[in-house]
Structures are given as structure tokens and as C-alpha cells.
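Take a look at the structure set out below.
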Amino acid sequence: MTTDSIQVTAEEIAQFRAELADNPQALADLDMIDRCDGDLEYAAIRLVRRSNIDIVRAEGESFWQQAITQARQLICHDHIRQDIAPNILGGLVGLFITSGNPILEVVATTLAIYIVKKRLDNFCS
């Protein structure tokens with residue numbers, strides 16, 4: 001686990017389920033997070049392995065760190081942040097799922113939760 005990994009509790013997972021109740025992919029991802037004892041990085045790795053997509057990692061950068069970097073490049077623009085502000089968690093999941101980036105699509109929920117836990121402004125600074 002890297003220093004950028006975050007654990008979520010069973011209570012938080014239940015709260016995320018309520019917030020994302022209308023998103024079947026997010027609910028399935030939350031099941032994986034739950035099976036990984038709330039470890040977002042481990043859950044993301046398992047989701048990628050399950051999806052059978054090839055990951056090309058930058059030298060010296062873990063898959064998780066690469067996904068975080070790609071997410072930062074996508075969302076850390078004022079107009080994007082304003083668009084997702086009313087429903088940050090759902091907005092991020094939806095943005096990642098529709099991003100056209102296969103990595104972000106597969107780990108959409110884990111990344112969105114990570115960003116919400118870090119706080120969007122902190123994540124983008």
C-alpha cells in the first residue's frame with residue numbers, strides 16, 4: 001500500500017451506497033471495496049485485474065499513483081470542479097465512467113471516494 005492509499009470504514013461504505021444507489025457500477029465497486037476491507041488502493045487493483053485491461057505504468061509510478069495523476073489531469077480545472085460541486089461523489093464517478101480513459105472508468109468509484117476523502121481542493125492543489 002502506498003502513502004496515498006486511504007481506508008474507508010464499513011459505515012462510510014454504507015453512506016456511499018446510499019449516495020450512489022442509482023449507479024449499478026458504483027454499487028458493484030463498493031462491494032469490492034467492502035471485500036478489500038475498505039482499502040481503496042487494493043480494491044482498485046482488484047477491479048483492474050478483473051477487467052482484464054492492460055496497464056502500462058510509468059517508470060517508478062505505481063498503478064494507483066498513475067490513476068491519481070490521470071484523475072488530477074481530468075478534474076482539476078475550475079469549470080469541471082464547478083460542474084461537479086453539487087454532487088461531488090456522484091459527479092466524479094459519472095465523469096470518470098464517461099471519460100474515455102479505460103483506467104479511470106474501471107476505478108471510477110475508488111478514485112472518487114479517494115478524492116472526496118482528500119477533499120477536492122486539497123487533491124487539486
- Evaluate the side-chain proximity of Trp64 to Leu40: yes if any heavy-atom separation is below 4.5 Å, no if none is. yes
- Measure across Ile13 and Gly38 and return the closest heavy-atom pair with its distance rounded to 0.1 Å. CD1-CA, 4.3 Å
- Please name the residue in the list Leu20, Asn23, Leu27 that meets the side chain to side chain contact (heavy atoms under 4.5 Å, CB included) test with Thr109. Leu20
- pair Phe16-Val8: side-chain heavy atoms closer than 4.5 Å: yes
- Under 3.5 Å: donor-acceptor pair, side chain of Gln73, backbone of Gln70: no
- Message: Strictly by disulfide (SG to SG under 2.5 Å), give each pair with a member in residues 89-125 just once, sequence neighbours left out.
- Response: Cys76-Cys124
- Item | Side-chain heavy atoms of Phe123 within contact of Val116, under 4.5 Å | no
- Check whether any side-chain heavy atom of Asp37 lies under 4.5 Å from a side-chain heavy atom of Tyr42, and answer yes or no. no
- Are any of the side-chain heavy atoms of Ile33 and Ile113 separated by less than 4.5 Å? yes
- Query: Of all residues at least two apart in sequence or in a different chain, which pass the side-chain contact (heavy atoms from CB on, under 4.5 Å) check with Ser99?
  - Reply: Leu74, Asn101, Leu104, Glu105
- Task: Classify the side-chain pair Gln15/Glu19 by whether it contains a donor and acceptor separated by less than 3.5 Å.
- Result: yes
- Message: Using every non-hydrogen atom in the two residues, find where Ala112 and Phe96 come nearest and quote the distance to one decimal.
- Response: N-CE1, 3.9 Å
- Message: Nearest 0.5 angstrom please: Gln7 CD to Cys36 SG, how far?
- Response: 9.5 Å
- Could you walk me through whether Asp39 and Ile6 pass the side chain to side chain contact (heavy atoms under 4.5 Å, CB included) test, one step at a time? CA-CA 6 Å; Asp39 184 325; Ile6 287 182; over 6 Å; no
- Task: Indicate yes or no: at least one non-hydrogen side-chain atom of Leu89 is less than 4.5 angstrom from one of Ile115.
- Result: no
- Message: Give me the atom names and distance for the closest heavy-atom approach of Met32 to Ala43.
- Response: CG-O, 3.9 Å
- Query: Above 12 or not: heavy atoms from other molecules or residues under 6.0 Å from CZ of Arg72?
  - Reply: yes
- side chain to side chain contact (heavy atoms under 4.5 Å, CB included) partner of Leu30, the single match among Gln25, Arg17, Arg35: Arg17
